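Fair warning: this is a prediction, and the values are worked out from it, not measured in the lab.
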Amino acid sequence: MENRSVERYGAFAQFLHWATAILVLIAFIYGPGGSEERVYSAARDFDRQLHETLGLCVLALVAIRVLWRMFDQRPDPPDVPRWMGLAAKLVQGALCVLLFAVPLTAITGAWIEGHPLTLLAGVEIQPLLALSHDTGAIVAEIHTWLGDTILWVAGLHAVAGLYHHFFLRDGVLVSMLPQWLLVGKRKRR
Ligand code: HEM
């Protein structure tokens, strides 16, 4: 394969990135909080089903993303001080781990507690694991902490992207923006 460097992420990589960001945000907003009785009450059915469905889509997207990265060509890292490059790697690595850990702790926690996954359109996936309600409740609690953490880490990642764009004035943020967003800007210049 020809090994030339690219300036921007491909359209599919951009789609996976922004779709993941939007789904995580909506899943967070619809996070079913409160006691176990409340979370699994009929009144919370829609919120919980939407939350679980979006969360499973996030898991599918991140798995596809990891596979896609193996074949895709990505832009070279920007020319920044060593500490900044390391910090970026650390934050992106943490995000990747959390994108797997958040849905996986939710699924295992719910199952060990003895609850099926309850998805939109009335789809239910019954527990596949042995039951230990107290252990499941601890894993579900870890899920809620990790769910909050991912928002903070994603926020840091977003601030770094904006810093690159407005202060360092390099092409890091633009390399992840779709072409159609940039076309109008170029014409106006
Ligand atoms: C990346 C996706 C996800 C994010 C960001 C996320 C985030 C959260 C957050 C922040 C809470 C706590 C809500 C609050 O305290 O108000 C929560 C609770 C919960 N989430 Fe998720 N979640 C995700 C994926 C999932 C998935 C895939 C499932 C199930 C398959 C799920 C099931 C639940 C359940 C059942 C609760 C209530 C836990 C309890 O208190 O027992 N979540 N989630």
Side-chain angles (χ1 to χ4, degrees), residues 9-72 90-161 176-178 181:
Y9 287 88
F12 189 55
Q14 291 176 350
F15 163 77
L16 292 172
H17 176 273
W18 293 110
T20 306
I22 291 166
L23 294 190
V24 167
L25 188 62
I26 305 176
F28 179 81
I29 291 167
Y30 281 88
S35 66
E36 190 181 346
E37 291 71 33
R38 185 159 180 267
V39 167
Y40 290 96
S41 66
R44 304 285 284 167
D45 268 352
F46 176 74
D47 283 11
R48 193 187 60 254
Q49 289 167 357
L50 180 62
H51 178 82
E52 295 193 1
T53 305
L54 294 175
L56 286 186
C57 292
V58 168
L59 183 59
L61 283 178
V62 69
I64 295 170
R65 204 161 155 194
V66 167
L67 290 175
W68 186 250
R69 263 176 80 106
M70 291 178 186
F71 307 103
D72 196 25
L90 204 72
V91 169
Q92 286 164 24
L95 269 178
C96 189
V97 170
L98 284 166
L99 283 168
F100 280 105
V102 172
L104 289 177
T105 46
I107 297 166
T108 46
W111 276 348
I112 298 173
E113 270 183 311
H115 298 292
L117 301 186
T118 50
L119 309 179
L120 289 174
V123 176
E124 290 198 351
I125 308 175
Q126 296 301 322
L128 303 178
L129 301 167
L131 299 185
S132 158
H133 183 272
D134 290 353
T135 312
I138 294 171
V139 180
E141 177 82 9
I142 293 173
H143 167 70
T144 66
W145 296 338
L146 296 182
D148 288 341
T149 308
I150 201 171
L151 257 278
W152 285 104
V153 181
L156 204 62
H157 176 69
V159 167
M176 195 42 105
L177 293 178
L181 254 183

Enter the distance from [X]:[atom1] to [Y]:[atom2] here, rounded to the nearest 0.5 Å.
X: Thr20; Y: Leu25; atom1: OG1; atom2: CG; answer: 12.5 Å
X: Ile138; Y: Glu113; atom1: CD1; atom2: CD; answer: 10.0 Å
X: Leu181; Y: Gln14; atom1: CG; atom2: CD; answer: 9.5 Å
X: Thr118; Y: Leu50; atom1: OG1; atom2: CG; answer: 11.0 Å

Name each donor-acceptor pair under 3.5 Å that joins a side chain in residues 122-132 to protein atoms two or more places apart or in another chain, with its distance.
unit_1: Glu124; atom_1: OE1; unit_2: Gln126; atom_2: NE2; d: 3.4
unit_1: Ser132; atom_1: OG; unit_2: Thr135; atom_2: OG1; d: 2.7

Verdict with reasoning, Thr108 to Leu104, per side chain to side chain contact (heavy atoms under 4.5 Å, CB included): CA-CA 6 Å; Thr108 46; Leu104 289 177; 5.5 Å; no
Under the side chain to side chain donor-acceptor pair (under 3.5 Å) test, residues paired with His133 that sit two or more places apart: Glu36
Sequence-distant partners of Ser41, side chain to side chain donor-acceptor pair (under 3.5 Å), two or more places apart: none
Flag if over 12 foreign heavy atoms under 6.0 Å of CZ, Phe100: yes
With Leu156 via side-chain contact (heavy atoms from CB on, under 4.5 Å) - residues at least two apart: Val91
Pairs involving residues 47-64, ordered by first then second residue, that meet salt bridge (Lys or Arg N to Asp or Glu O under 4.0 Å) (sequence neighbours left out): Arg44-Asp47, Asp45-Arg48
All pairs passing salt bridge (Lys or Arg N to Asp or Glu O under 4.0 Å) where residues 131-157 contributes a residue, at least two apart: none
Exercise: identify the closest heavy-atom pair between [X] and [Y]:
X: Val39; Y: Gly33; value: CG2-O, 3.7 Å
X: Leu146; Y: Ala101; value: CD1-CB, 4.0 Å
X: Ala94; Y: Val153; value: CB-CG1, 4.3 Å

Determine all donor-acceptor pairs shorter than 3.5 Å in which one atom belongs to a side chain in residues 54-69; sequence neighbours excluded.
unit_1: Trp68; atom_1: NE1; unit_2: Asp72; atom_2: OD2; d: 3.3

Main-chain N/O of Thr105 paired to His143 side chain as donor or acceptor, under 3.5 Å: no
Qualifying ring pair (Phe, Tyr, Trp, His ring centres under 6.0 Å) pairs with a residue from residues 16-48, counting only residues at least two apart or across chains: Tyr40-His115
